[in-house]
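Basis for what follows: all heavy atoms, side chains included, without hydrogens, waters or symmetry-related copies. Index from 1, following the sequence.
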Amino acid sequence: VGEDATTPDHANFDTDDIAIRANLAMDSWVPGGFGKFIVDQWPGGANNAWALSVQADGKLGLSWSTDGTAVTTETSTNSLGFHAGSEHWIGAYLDANDGAGGRRIIFETSTDGVTWTTIDDYTRVGTTSIFNSTAEVSTGGILTWAGYMKSLEIRLGPTPGLGTIVANPNFAGQPAGTTSFADTAATPKTWTINTGASIALIPGSNAQAPTLRNWVLRSIPSPQVTQRFLVPIRRNHNLTPHHGPHRGLHTHIELQFLA
C-alpha cells in the first residue's frame with residue numbers, strides 16, 4: 001500500500017448514498033489486470049466500504065460492500081474511450097434506496113468539471129447499504145495507477161453535483177513538494193501524500209506552467225511518445241510556477257529531471 005494520498009476515516013464518510021468526482025489523467029485508461037481504484041475506502045479484508053474504479057477494459061466501476069466483505073460492483077455499459085495520458089473528470093453516484101424498492105447508479109464524465117455528460121443512469125431491483133468502514137480514504141492505495149490527479153470531491157447524497165461535500169482535496173492548488181494539507185470541506189480533512197507519490201508540476205497543465213525542477217517523467221520505451229512529453233518541458237523550462245497536481249509514481253522506473 002502506498003503511492004497514494006490518504007485521509008483518515010471520519011464520521012462524515014458513514015453513508016449509504018455517495019457521489020464521487022475526480023479530475024485526473026491516467027497513463028492508460030484501459031489498465032488491464034484487475035483494473036485500478038481511483039479513490040476508495042477499501043483496504044481489503046473485512047473492512048471495505050466503497051471504491052470508484054476504472055475497470056480492466058476501460059469502463060467506469062463503482063463497488064461497495066454491505067458487510068465489509070461481500071462485494072457488489074456496477075460498471076458503465078461502454079468503456080470510456082479516453083486516449084492514454086489524457087485528462088478528464090469522472091463521476092459515479094449511488095442512491096441506495098430510490099424510494100421505489102430499488103437502487104440507482106449514475107456514471108458521468110466531463111472535460112471541464114462544469115458541464116457533465118451522463119453515460120449511464122440505471123436502476124436495479126432491491127435497496128442496498130454501504131458498510132461503515134474504519135479504513136482511510138485513499139486515491140487507489142491497493143490497486144494503484146500511474147498518472148496524476150488534480151482534485152477530488154466526495155459528497156453525501158446520490159444526486160450529481162448536490163449533497164454535502166465531505167472531502168474535496170485540491171492537489172493542484174498545493175505547492176510542489178507538499179506532503180500534507182487540509183481540504184476545504186465544512187469539516188476539513190487532512191490529506192497525506194505517501195511514499196511513491198508527490199505533489200509535482202505537470203508540463204502543459206492548463207492551470208500551471210511546468211518547471212524542470214518539479215517534474216517527474218515516466219520512462220517510456222517509445223521515442224515518439226517520450227519526445228511528445230519532453231517538448232513542453234524544454235519550451236517552458238524558464239517558468240517557475242508554485243503549484244502542481246498530485247501524481248502517482250513508481251520510483252524505481254521514473255526519471256527525475258532537475259533544473
- Would you please test D17 and T15 for side-chain hydrogen bond (donor to acceptor under 3.5 Å, both in side chains) and show each step? CA-CA 6 Å; D17 299 326; T15 181; 5.6 Å; no
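- Between N132 atom CG and D9 atom CG the span is 6.5 Å, to the nearest 0.5 Å.
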- After noting the C-alpha distance and the side-chain angles of T72 and E74, does the key distance pass the side-chain hydrogen bond (donor to acceptor under 3.5 Å, both in side chains) rule? CA-CA 7 Å; T72 299; E74 298 285 357; over 6 Å; no
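- Side chains of V54 and I38 form a contact here, defined as non-hydrogen atoms less than 4.5 Å apart.
- The backbone N or O of N194 lies less than 3.5 Å from no partner atom in the side chain of D4, so there is not a single donor-acceptor pair.
- At least one donor-acceptor pair closer than 3.5 Å links the side chain of Q41 to the backbone N or O of A135.
- Nearest heavy-atom pair across W50 and I154 is CH2-CD1, 3.8 Å.
- M149 and T139 get closest at one heavy-atom pair: SD-CG2, 3.8 Å.
- N78 CG to K59 NZ: the interatomic distance, rounded to the nearest 0.5 Å, is 7.0 Å.
- Between the side chain of S110 and the backbone N or O of T115, at least one donor-acceptor pair lies under 3.5 Å.
- Atom CD1 of I119 and atom OG1 of T109 lie 5.5 Å apart (nearest 0.5 Å).
- Residues H10 and V137 have side chains not in contact (no heavy-atom distance under 4.5 Å, counting atoms from C-beta outward).
- Residues I165 and T184 form no side-chain contact, since every pair of their non-hydrogen atoms from C-beta on lies 4.5 Å or further apart.
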- Check the pair D57 / T75 against side-chain contact (heavy atoms from CB on, under 4.5 Å), numbers first and verdict last. CA-CA 10 Å; D57 57 2; T75 65; over 6 Å; no
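- No donor-acceptor distance shorter than 3.5 angstrom exists from the side chain of K150 to the backbone of Y148, with no hydrogens or angles considered.
- Clustering ILVMFWY residues whenever any of their side-chain heavy atoms sit less than 4.5 angstrom apart, transitively, puts F37 in the very cluster that holds F34.
- The shortest side-chain heavy-atom distance between P169 and F181 falls under the 4.5 Å cut-off.
- The two residues L60 and L52 have their closest heavy-atom pair at CD2-CD1, 4.3 Å.
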- Item | Stepwise side-chain contact (heavy atoms from CB on, under 4.5 Å) check, I105 with F107 | CA-CA 7 Å; I105 301 94; F107 292 108; 3.7 Å; yes
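- Across all their heavy atoms, T6 and S138 have their closest contact at CG2-CB, 3.8 Å.
- In this structure the side chain of I20 reaches within 4.5 angstrom of the side chain of L62, judged on heavy atoms.
- Between W29 and F82, the ring planes are perpendicular. Angles over 60° get that label, and only those under 30° would be called parallel.
- Interatomic distance, CZ of R155 versus CG of N12, reported as 13.5 Å (0.5 Å rounding).
- Closest of all the heavy-atom pairs between A167 and W191 is CB-CZ2, 4.0 Å.
- Residues D120 and T77 bring a donor and an acceptor atom of their side chains to less than 3.5 Å of each other.
- Proximity of Y93 to E108: side-chain heavy atoms (C-beta onward) are separated by under 4.5 Å at one or more points.
- For the atom pair R124 CZ and D98 CG, the distance stands at 12.5 Å (nearest 0.5 Å).
- Within the 4.5 Å cutoff, the side chain of D16 has no heavy atoms near those of the N97 side chain.
- In this structure a side-chain-to-backbone donor-acceptor pair under 3.5 Å is missing from D183 to P188.
- Listed for the S180 side chain is no donor-acceptor partner under 3.5 Å among the backbone atoms of T192.
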- Task: Before giving the answer on side-chain hydrogen bond (donor to acceptor under 3.5 Å, both in side chains), spell out for S151 and N168 the whole-Å C-alpha distance, their side-chain angles and the decisive distance to 0.1 Å.
- Result: CA-CA 7 Å; S151 61; N168 61 349; over 6 Å; no
- Taking it one step at a time, do W64 and T128 satisfy side-chain hydrogen bond (donor to acceptor under 3.5 Å, both in side chains)? CA-CA 9 Å; W64 68 93; T128 190; 2.9 Å; yes
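- Hydrophobic clustering of Ile, Leu, Val, Met, Phe, Trp and Tyr side chains at less than 4.5 Å, counting indirect connections, keeps I90 apart from V30.
- Here the OG-NZ distance, from S53 to K36, works out to 11.5 Å after rounding to the nearest 0.5 Å.
- The minimum heavy-atom distance linking F171 with I193 is given by the pair CE2-CD1, 4.1 Å.
- Residues R103 and T127 form no side-chain contact, since every pair of their non-hydrogen atoms from C-beta on lies 4.5 Å or further apart.
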